[in-house]
Amino acid sequence: YENTGSLIANVNRRWENDRFTGDFGYYYGETGMADGESQKTTDRWEIEAKHDHFWLPKIYNYENLKYDRDEIQDLNARYRIGLGGGYQWLENALFESTGKWSFNQELGVNWIKEEYENNDDVKDNGFCALRYAHHLNYIPKWTDGLEFFHNFEILPEVDEWEKFLAKGDVGFSTKLIWNFNLLAKIEWDYNSKPANTRKKDDLRYIVGLGYKW
């Protein structure tokens, strides 16, 4: 047998010249063995906060913080702090033929500190990485309450380009009743140099019930 569970929370707030985004995720999974014992396959959680300030209607700078922990990957902690800029190509732009679109791209720099149980490549003082990200949201005009989304982020280390972190997702949410909605998405994480003997990528399929307020 296989048991998996996820707890995901997202907070978004938009003011005239500022935007705040907060994300929390916890992922757990275990697989039953033939002898009746169970083996943990996933035990990961992450917390992230990001602030954008718009100097012009489409141009903004950002600051972000993130903390990760992944027991299966022998990652005790990963700390990230970053600065950068972004361009908001579309923000709830309404096209009569399709619906509402939002799309932005970001470029910046991050300081990253990792603490592993077993990784010969770890840098005790942390390292600097560039950051590229984009975010896409689409609300079709023909279905009320349905929203598609796609996010992608990559962080290559500046003095060792073959070492990088990457994360992406694609999915949708749809309104069910009152403020409850159904969420379905595919998440992908990649670490080009993980802890020794650990896999480089992690693919998750998530279906769950959400609540918006």
Side-chain angles (χ1 to χ4, degrees), residues 6-27 45-68 78-96 98-113 128-141 143-156 164-175 178-189 206 208-213:
S6 303
L7 178 62
I8 302 171
N10 175 265
V11 177
N12 290 282
R13 182 68 188 270
R14 180 72 156 96
W15 297 271
E16 182 179 357
N17 296 317
D18 294 274
R19 179 172 57 197
F20 174 79
T21 305
D23 292 287
F24 170 82
Y26 177 71
Y27 311 91
W45 65 283
E46 58 187 34
I47 253 180
E48 183 173 13
K50 181 169 171 286
H51 167 254
D52 307 325
H53 178 74
F54 284 81
W55 298 96
L56 294 171
K58 292 182 178 293
I59 298 175
Y60 62 92
N61 69 277
Y62 71 82
E63 313 88 42
N64 69 327
L65 299 166
K66 188 173 183 180
Y67 174 80
D68 299 78
R78 178 186 291 125
Y79 308 92
R80 280 175 42 189
I81 180 170
L83 301 168
Y87 192 84
Q88 189 76 45
W89 295 92
L90 300 169
E91 187 171 15
N92 292 321
L94 179 60
F95 294 88
E96 292 186 4
T98 55
K100 286 185 178 180
W101 294 84
S102 295
F103 180 69
N104 64 307
Q105 292 178 292
E106 298 173 344
L107 187 64
V109 62
N110 275 71
W111 177 80
I112 302 175
K113 177 73 164 64
C128 184
L130 297 181
R131 177 182 180 267
Y132 167 79
H134 63 245
H135 311 279
L136 172 68
N137 286 78
Y138 169 52
I139 302 174
K141 62 174 294 185
T143 306
D144 184 37
L146 178 64
E147 179 177 354
F148 295 94
F149 57 85
H150 163 60
N151 302 282
F152 177 76
E153 178 185 58
I154 185 168
L155 298 104
F164 64 93
L165 303 170
K167 182 175 182 177
D169 68 16
V170 61
F172 71 90
S173 65
T174 184
K175 186 175 180 180
W178 298 312
N179 290 330
F180 289 96
N181 64 86
L182 174 69
L183 172 71
K185 67 175 178 175
I186 301 172
E187 285 188 348
W188 171 73
D189 281 282
I206 298 173
L209 185 67
Y211 185 83
K212 288 185 177 181
W213 66 89

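None of these values were measured; they are calculated from a predicted model. All values below were derived from every heavy atom in this structure, side-chain atoms included, with hydrogens, water molecules and symmetry-related copies excluded.
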Checklist entry - Just wondering, more than 12 heavy atoms not from Lys167 lying within 6.0 Å of its NZ? => result yes

Checklist entry - Nearest heavy-atom pair of Trp101 and Leu90: which atoms, and what distance? => result O-CB, 3.6 Å

Item to check | Salt-bridge present (Glu187, Lys185; N to O < 4.0 Å) | outcome: yes

Checklist outcome for this item: Taken in chain and number order and not counting sequence neighbours, the residues that satisfy salt bridge (Lys or Arg N to Asp or Glu O under 4.0 Å) with Glu63 are none

Item to check | Validation row: Val170, Trp188 side chains within 4.5 angstrom (heavy atoms) | outcome: no

Checklist entry - If every non-hydrogen atom of Ile112 is compared with every non-hydrogen atom of Leu155, which pair is closest and at what distance? => result CD1-CD2, 4.2 Å

Checklist entry - Hey, does Tyr60 have a side-chain heavy atom less than 4.5 Å from the side chain of Glu106? => result yes

Checklist entry - Can Asn61 and His53 be counted as having a side-chain donor-acceptor contact under 3.5 angstrom? => result no

Item to check | Within-4.5 Å side-chain heavy-atom neighbours: Glu46 and Asp23 | outcome: no

Item to check | Worked verdict on Asp52 versus Lys50 for side chain to side chain contact (heavy atoms under 4.5 Å, CB included) | outcome: CA-CA 7 Å; Asp52 307 325; Lys50 181 169 171 286; 2.6 Å; yes

Next on the checklist: On a heavy-atom basis, which atom in Ser102 and which in Asn92 lie closest, and how many Å separate them?
Outcome noted: OG-N, 2.8 Å

Item to check | Residues which pass ring-ring contact (aromatic ring centres under 6.0 Å, His included) with Phe172, listed by chain and number, not counting sequence neighbours | outcome: none

Checklist entry - Are Arg80 and Glu153 within salt-bridge range, i.e. N to O under 4.0 Å? => result yes

Next on the checklist: Looking at Glu96, is its backbone amide N or carbonyl O close enough to the side chain of Lys141 to form a donor-acceptor pair, meaning the two atoms are under 3.5 Å apart?
Outcome noted: yes

Checklist entry - Can you tell me if Lys58 uses its side chain to pair, donor with acceptor, with the backbone of Trp89 under 3.5 Å? => result yes

Item to check | side chain to side chain contact (heavy atoms under 4.5 Å, CB included) between Trp15 and Phe20, worked out | outcome: CA-CA 9 Å; Trp15 297 271; Phe20 174 79; 3.9 Å; yes

Checklist entry - Do the rings of Phe24 and Trp45 sit parallel, tilted or perpendicular, given the 30° and 60° boundaries? => result tilted

Checklist entry - Can you tell if the side chain of Arg78 reaches within under 4.5 Å of the side chain of Leu165, non-hydrogen atoms only? => result yes

Next on the checklist: Side chains of Tyr62 and Arg19, heavy atoms from C-beta outward: is any pair under 4.5 Å?
Outcome noted: no

Checklist entry - Which value, rounded to the nearest 0.5 Å, describes the distance between Leu182 atom CG and Thr174 atom OG1? => result 7.0 Å

Checklist entry - For Tyr87 and Gln105, what are the C-alpha separation, side-chain angles and deciding distance, and is it a side chain to side chain contact (heavy atoms under 4.5 Å, CB included)? => result CA-CA 6 Å; Tyr87 192 84; Gln105 292 178 292; 5.5 Å; no

Checklist entry - Given side chains that start at C-beta, do those of His150 and Phe148 come closer than 4.5 Å, heavy atoms only? => result no

Item to check | Within-4.5 Å side-chain heavy-atom neighbours: Asn10 and Thr21 | outcome: yes

Next on the checklist: I'd like to check the ring-ring contact (aromatic ring centres under 6.0 Å, His included) partners of Tyr79; sequence neighbours left out, ordered by chain and number.
Outcome noted: Tyr67

Next on the checklist: Within this structure, what is the CD-CG distance for the pair Glu48 and Asp68, rounded to the nearest 0.5 Å?
Outcome noted: 8.0 Å

